[in-house]
Each structure stands twice: as structure tokens, then as C-alpha cells.
Novice: 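Please see the structure below; I have some questions.
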Amino acid sequence: MIKVTLKDGSVREYPAGTTVLEVARSISQGLAREALAGKVNGKTVDLSYPLQEDAAVELLTFNDEEGRAVYRHSTAHVLAQAVKRLFPEAKLAIGPAIQDGFYYDFDVPQPFTPAQLAQIEEEMNRIIKEDLPFKRVELSREEALEHFKKRGELYKVELINDLPEDAVISCYQQGDFDDLCAGPHVPSTGRLKSVKLMNIAGAYWRGSEKNKMLQRIYGTSFPKKAMLDEHLFRIEEAKRRDHRKLGQELDLFSIQEEGPGFPFFHPKGMIIRNELENFWRQEHKKRGYREIRTPIILNRSLWEQSGHWAHYKENMYFTKIDDADFAVKPMNCPGSILVYKTSLHSYRDLPLRLAELGLVHRHELSGVLHGLMRVRCFTQDDAHIFMLPGQIKDEIIGVIDLFDYFYNTFGLSYHVELSTRPEKSMGSDEIWEIATNSLRDALEAKNMSYKVNEGDGAFYGPKIDFHLTDSLGRTWQCGTIQLDFLMPEKFDLTYVGEDGQKHRPVMIHRVVFGSIERFIGILTEHFAGAFPVWLAPVQVRVMPITDRHHAYARELVKKMEALDIRVELDARNEKINYKIREAQTQKIPYMLVIGDREMEQGAVAVRRRGKGDTGAIAVDEFLVKIQEEIKNKTIF
RNA sequence: GCCGACGUAGCUCAGCCGGUAGAGCAGCUGAUUCGUAAUCAGCAGGUCGUGGGUUCGAGUCCCAUCGUCGGCUCCA
């Protein structure tokens, strides 16, 4: 008998050779039905895996991330089988499970067409109906190589050759198909239910543009049709919230052929932008930052000194002035450093926090441009903090507090990742140790949980990244705090210490929004275009019912304008229903309907976006209420 | 940059096998003065992304080019 420890800590005894599935069955029939794979001592295995000794056993269902991955991975194999049945000449590359589904890469002479995709999906459903068992076969490296060479599966051969010496090589077989695969898999193809192929895309073998372009098919699968439908609905919802679509509908910005990747901000977009910047300035001033502005075009020599000319040239734009080489700045730090160097600094002056809303230009590949999210020019809400090494921790804490305050204001939750020293990096071990510990100390002092990305830091220092989660559960990297020991060195920055000697300051680079443009894109999708009142381009629209209410309405508008409320009058000769519909589609937070009753009582009938008619209140009462909301940056 | 799809009025889209461009919304004009998501009628609006080519004839076919969209290691 062997002892099996279950997830809940209970221990059961079974005869040796009992499979994971049998363990599931002994717990409950329901679990046995739902189980997709198992986990034995932390390693995922097939349900048919026989237990030979004492072990910790977990059963994975679709509710577990790993269970879902097994499910999708098995679906990927069915996709490959279907493709091989329909297109025997197709060569198989890789087919992993991903976030919300799976993909499989194929080398085929002709790209797949949407019609073929439908055909493949049909074939997949046939394979599922055939309910073919997934069979695991382990084989030696030689056997595996011979097997795949014989079939001309060159990519598989390459994969096998790259496997480490001690790797157990396995294949999974279902019916007329088999594939190199570590597994595990669901017991049989019949376990898969709702399958959908999403799209086709080119993808390089192993992601390198030096390699051949393969055809990738993306798909997803769920154990219930309702789950698939919900997933498709979420995709629709994301489409509905697409900032490019809303940006056009709400007239916030545009991108034109004449400037690919260079967005135009329209009057309404500028209001959001200016509100964000006002908020930003106000909060930075409070926290001891001083604002600067540095030029967009600077001499080549500066970029050579900073290292950008050597390391970042591919992404930069250049120009000539009076025969001298200049570059358009891709980052703000060198400019900020030049400002620092215009005077001598005492240790008493530090930390010096120089903030800049700096417009940077970077050459991005044409294929990656995407609305406001990926552009070729954007405004970083940058700041550079020059400080004594001993001030690192407190400064980091200050920045973390600032970030926290900002993100909460927008109702965005976030998580934090700490990236440590990469292999290729500059500076002594000692300074890296101090820097990394300072970041860690700051995070721990704030009692924040964080994920560590070993070796993912910048070459000049470790960093903390802030990943925001929007209302659809998608994450966006926005804020980042980077410690930098290299730039002060390169530019020979100094301060005069207590001892009267020159010392080297440390720098922090940090952005909260990241890029204002991108942040506006994120906010647009997060709020689905229904911005909180303080950000809304139009806060109030006054809608008189007939001509005889116009004078009263105009008076109201004037009153609000005097209070800096962004208000519009809809005096068009249209029915009230029409006016409401339009204001509603424009996502204006407050609609004030003015008729005889309101005029008589000195009131306004308030219709609130998302809530409908909330009845009439006195004008002054409304004004107090909306001003409060603007001041408090209320989210609704 | 690479692979694929796409580009027709301000917007959303139709336009068959190549025969000389159409709708809805928006806009303008007029009528209607109306109480919480579209009042009615009329008018105007396009060198079909751009440049070549094939053809008696091109929005439609071919080539080039620009732009947009979906992708381009979450690794058996």
C-alpha cells in the first residue's frame, strides 16, 4: 500500500499502481468526471499515471490554470491532427496552450484561408466525436529522431536535438496521429467540447525574423458551450471598448495617413489630457518635484555620451542643422542631466526631483503601431530624482506612495514586479546589491507583495514595474521606477558632500502614467468611454424642451460656465428623446432637461448617465453636487 | 520590417461574371414646439487610398506604393 496526501491535507491509502484517475474516483464520481489531469509531487501527469510510491496528489480540473492549459494543449493536438488529415503536406512546429486558448504553428506552402479554417474546425469536431484516447509513449532520443525524420517533420527533429541530455522524450498518440509532446493530456479527444478557431497569423519559427514564417492558427476551447459564449462575449466587449473606435466616436483623437503613429488630439481629447496633466502637476508639486522642459532635438555628442547613439540608434530619428548631426530625443534623461549640471549641488540640496512632461519620438516598426497604445511619439510623465545613496529607500517609498495614489484615483488595481540584475550589466556587485536591497526594502516597508523577475532589470540598474488591471481584467504596464548608477557616471555628475569633496549621486528614473497617450487609451477602454465627471470632455448638457425654455437654459449655462463646469446647450429644434439619445451615446455624465416645471421652480431635471432620470432638484443643489464630484474625482 | 486580410460620401456599409456609384446615419433647408434613447419632407455630398498597366470600357482584373487591421516564443 502507498500513502497519498491530497490537496486538503488528508491522507489515503491505495495499492501501488493505482492511477490518478482511480484516486479521483475514490474521492467522488463528480471529481472523476471533471478531472483533466493530475499533479503528483508538483509535476503534472496524465490521469492514467500509476502511483508507485507515497506521493502528494492533486487533481486538475478546468477551474485550475494548469488544468485549463492541459485542456487547451490537448485541443491543440486535435487541431494538428485535423490539419494533417486535410493537408498531409503540412509540417508541424509547436502548439502550446496560451492565456485564453492555444495555437499551433504549421509550415504549409500556402497560407490558410478563412474557409479552410472552418473546414479544419469541422474536422476537429469529427475527431472529438471519434473520442480517440491520448496514449503516451516514451522513447529514446534515437528512436524519436528516426521517427520524425522518417516523416519529414524537420521542426520536431530540431526540437528533439535541442532537448537537454537527460530529458525524457515522449510522444502522444491519438488515432492516426502522434506528436512529440511532454504532456500531460486529457484521457481522450471526447473530453473536449466547445472548440473554436479564432484567427490565422504569420509567426516566425521560434519567434525570430531570421527564420521561416509559419502559419499560426489560434483557437480556444471550453468544456461548456456557455463558457465559450461568455469568452466570445468578452472579446466583443473588448471590441466595443476599443479606444480607437471610441476615440473616433467621441471625437477625442485621430491618426492620419500623413502621420502614421503620430496621433492628433482633438479638442475633446485635449480636455482629458489637460485634466490628467493638471492633476499630475498638482500632485508632483505637493511632493516636492520641480518641473522642467528640455528640447526635443539635441546634438549628436550628447547621445554619444549617454550611450543612446551606440545602443538605441535603431529607434531614433535624426536630422542635420548647419551640417551638424542632431537627434530627436527618444528619452528625457540626458536633457534632465544637462539641467542638473548647470549648477553645483550640495548634499543639502538633494534629493533633487526634476519632473518633465517630455515628448519623445521612437521609431517603432510599422507593423506594431496600435492606436494610442503603440505610437511613434508620446509624452512621458517623466521625473529624475538625483539623490545621495542613503536616500534611495525613502525616495522609492515616496514614489510608490505617489503611484498608489494615482492608480487609486482611477479605480485601477495593480501588482508589482521587481527586476534584478541581468547578466549583461554595468557597475559593481556591491552597488547592485545596495540598489536591489533598497528597492526590496521599500516594497517591504510598504508591505507590498511583489513578483521577482530575476535578471530582468535594465543594464544600468534594477527596477520596479507597476502592472495595472483594467475593468476587463487585462493588465497594462504603466509605472516604472528604475535605479540608475550608470548615467551619473557617464555624465560625471557630482554633488559636494559634508566633507567638501565631490561625490557621485544616484538617479531614479520614473513614470507614473508611462505615456500620457497610452494612459488615455487605457482609461478609455477601462471606462468604456464613460469618463468620470472630472475627466469628461463635456460634463453637462442642458436640453430645453421647447423654444420658450431657451432663455432659462442659457442663464443656467452661463452660471455653470462661470464655475468652470464644461457645459453645452442643446438648443436644436429636436424632440427631447432625440437630444437624450445623442447625449447618452456621447456618454455625457449629466443631462439636464428643462421644461415648464423646472422653469417655474428654479430647478433642473437631472438625468444621469447610466442611471436614467433621477428627478428634479434645485439648481444650486445640483451645482454643489457636481462641483463636489469634480473636486473629489468621483468614479461612477 | 515580415505574413495575411482590408481601403467606396464625415461615419457604418452595399456594389453580381468588368458596362460609367448606392443606402442608412451625420450635414444643410423647410415644416413640426414636443417631458427622458431616433418627428417628417426635401437638398447636397464620392478623381472608389495613390501611381501605373490590361481592356473599346476598371470601384471590380494585374503590378507597384501608402495606410489600416490581426499576428510575429505565454516555447515539445
Side-chain angles (χ1 to χ4, degrees), chain A residues 65 69 72-73 76-77 80 92-105 108 110-114 117 144 148 153 155-164 167-172 179-183 198-218 239 242 244-245 248-249 251 254-261 314 363-371 543-550 572-586 591-598 605-609 611-616:
Chain A
E65 201 180 320
R72 266 71 180 265
H73 187 194
H77 275 232
L92 304 175
I94 58 168
I98 51 172
Q99 181 75 66
D100 284 311
F102 61 89
Y103 67 79
Y104 211 111
D105 287 345
V108 279
Q110 293 292 318
F112 295 111
T113 64
L117 206 62
F148 286 104
E153 295 288 4
Y155 298 97
K156 297 294 176 189
V157 171
E158 191 179 323
L159 289 170
I160 296 167
N161 282 328
D162 284 354
L163 288 174
V168 178
I169 298 177
S170 57
C171 272
Y172 275 79
D179 193 1
L180 177 71
C181 183
M198 307 299 290
N199 48 16
I200 323 162
Y204 298 106
W205 169 237
R206 301 198 148 177
S208 166
E209 52 193 288
K210 291 190 193 83
N211 293 333
K212 189 167 182 186
M213 171 79 62
L214 307 174
Q215 290 302 311
R216 173 170 299 178
I217 298 180
Y218 283 93
K239 265 191 209 154
D242 192 316
R244 292 168 299 182
K245 189 167 168 278
Q248 186 192 60
E249 284 170 7
D251 200 14
S254 61
I255 295 177
Q256 325 239 6
E257 279 203 26
E258 289 80 354
E314 299 304 297
H363 181 75
E364 299 287 349
L365 293 179
S366 60
V368 305
L369 300 178
H370 181 91
M543 305 184 292
I545 290 176
T546 75
D547 292 356
R548 66 176 178 280
H549 310 119
H550 283 189
R572 290 175 305 174
N573 183 4
E574 292 291 351
K575 284 186 159 182
I576 197 68
N577 279 335
Y578 182 87
K579 295 183 181 181
I580 286 168
R581 180 186 155 81
E582 198 182 84
Q584 196 80 42
T585 52
Q586 283 295 302
M591 290 155 262
L592 301 182
V593 176
I594 306 298
D596 291 338
R597 293 201 293 272
E598 287 72 26
V606 180
R607 184 188 168 96
R608 192 167 173 151
R609 176 187 68 201
K611 278 198 179 155
D613 187 0
T614 62

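All chains are named by letter (A, B, ...) in the order of the sequence lines, taking the proteins before the strands, and each is independently numbered beginning at 1. Remember, predicted model here, so these are calculated numbers, not experimental data. Reckoned from all heavy atoms, side chains included, excluding hydrogens, waters and symmetry mates.
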Novice: By nearest nucleotide on RNA chain B, pick out whichever of A:L214 and A:R581 is the more 5' one.
Specialist: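 It is A:L214, whose closest nucleotide lies nearer the 5' terminus.
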Novice: Verify the neighbour count for atom CD of A:Q256: are there more than 12 heavy atoms of other residues, nucleotides or ligands below 6.0 Å?
Specialist: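 Check passes, neighbour count above 12.
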Novice: So, OP1 or OP2 of B:G70: does either fall under 4.0 Å of a side-chain N or O from A:N199?
Specialist: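 Negative; the distance criterion is not met.
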Novice: Between B:G53 and B:A14, how far apart are the two P atoms, rounded to whole Å?
Specialist: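 Taking atom P in both B:G53 and B:A14, they lie 30 Å apart.
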Novice: Choose from B:G1, B:C3, B:C11 the nucleotide whose nearest atom is closest to any side-chain atom of A:Q248.
Specialist: B:C11
Novice: Applying ring-ring contact (aromatic ring centres under 6.0 Å, His included), can you list everything that pairs with A:Y204, at least two apart in sequence or on another chain?
Specialist: none
Novice: If each of A:G612 and A:E364 is mapped to the nucleotide of RNA chain B with the nearest heavy atom, which maps nearer the 5' terminus, i.e. the 5' end?
Specialist: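 The answer here is A:E364.
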Novice: Is A:R548 near enough to B:C34 that one of its side-chain N or O atoms lies under 4.0 angstrom from OP1 or OP2?
Specialist: yes
Novice: Between A:D179 and A:K156, is there a side-chain N and carboxylate O pair less than 4.0 Å apart?
Specialist: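 The answer is yes: the pair qualifies as a salt bridge.
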Novice: So if I take every side-chain heavy atom of A:Q584 and compare against B:G70, B:G71, B:A37, which nucleotide ends up nearest?
Specialist: B:A37
Novice: Side-chain N or O of A:H370 less than 4.0 angstrom from OP1 or OP2 on B:G70?
Specialist: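 True: A:H370 side-chain N/O within range (under 4.0 Å) of B:G70 OP1/OP2.
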Novice: Quantified in whole Å, what is the C1' atom distance between nucleotide B:G70 and nucleotide B:U29?
Specialist: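 Straight-line distance between the two C1' atoms is 44 Å.
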Novice: Ignoring hydrogens and angles, does a donor from either the side chain of A:E598 or the base of B:G35 sit under 3.5 Å from an acceptor on the other?
Specialist: yes
Novice: Using the P atom as the reference point in each nucleotide, state the distance between B:C3 and B:G49 in Å, no decimals.
Specialist: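 Looking at atom P only, B:C3 and B:G49 are 23 Å apart.
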Novice: B:G71 base to A:Y204 side chain: any donor-acceptor pair below 3.5 Å?
Specialist: no
Novice: With pairs taken as Watson-Crick or G-U wobble and both distances under 3.5 angstrom, which stems of at least three consecutive pairs involve RNA chain B?
Specialist: B:1-7 with B:66-72, B:10-13 with B:22-25, B:27-31 with B:39-43, B:49-53 with B:61-65
Novice: Could you tell me how far B:C13 sits from B:G1 if I compare only their P atoms? Round to whole Å.
Specialist: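 After rounding to an integer number of Å, I get 26 Å for this pair.
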Novice: Which of these nucleotides, B:A76, B:C34, B:A37, is closest to any side-chain atom of A:T585?
Specialist: B:A37
Novice: Who pairs with A:H363 by ring-ring contact (aromatic ring centres under 6.0 Å, His included), at least two apart in sequence or on another chain?
Specialist: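 For A:H363 the ring-ring contact (aromatic ring centres under 6.0 Å, His included) partners, ignoring immediate neighbours, are A:Y317.
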Novice: With hydrogens left out and only the distance checked, is there a donor-acceptor pair under 3.5 Å joining A:D547's side chain and the base of B:U33?
Specialist: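 It does, because a donor-acceptor pair links the side chain of A:D547 to the base of B:U33 below 3.5 Å.
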Novice: Any idea which of B:A76, B:C66, B:C11 is nearest the A:E257 side chain?
Specialist: B:C66
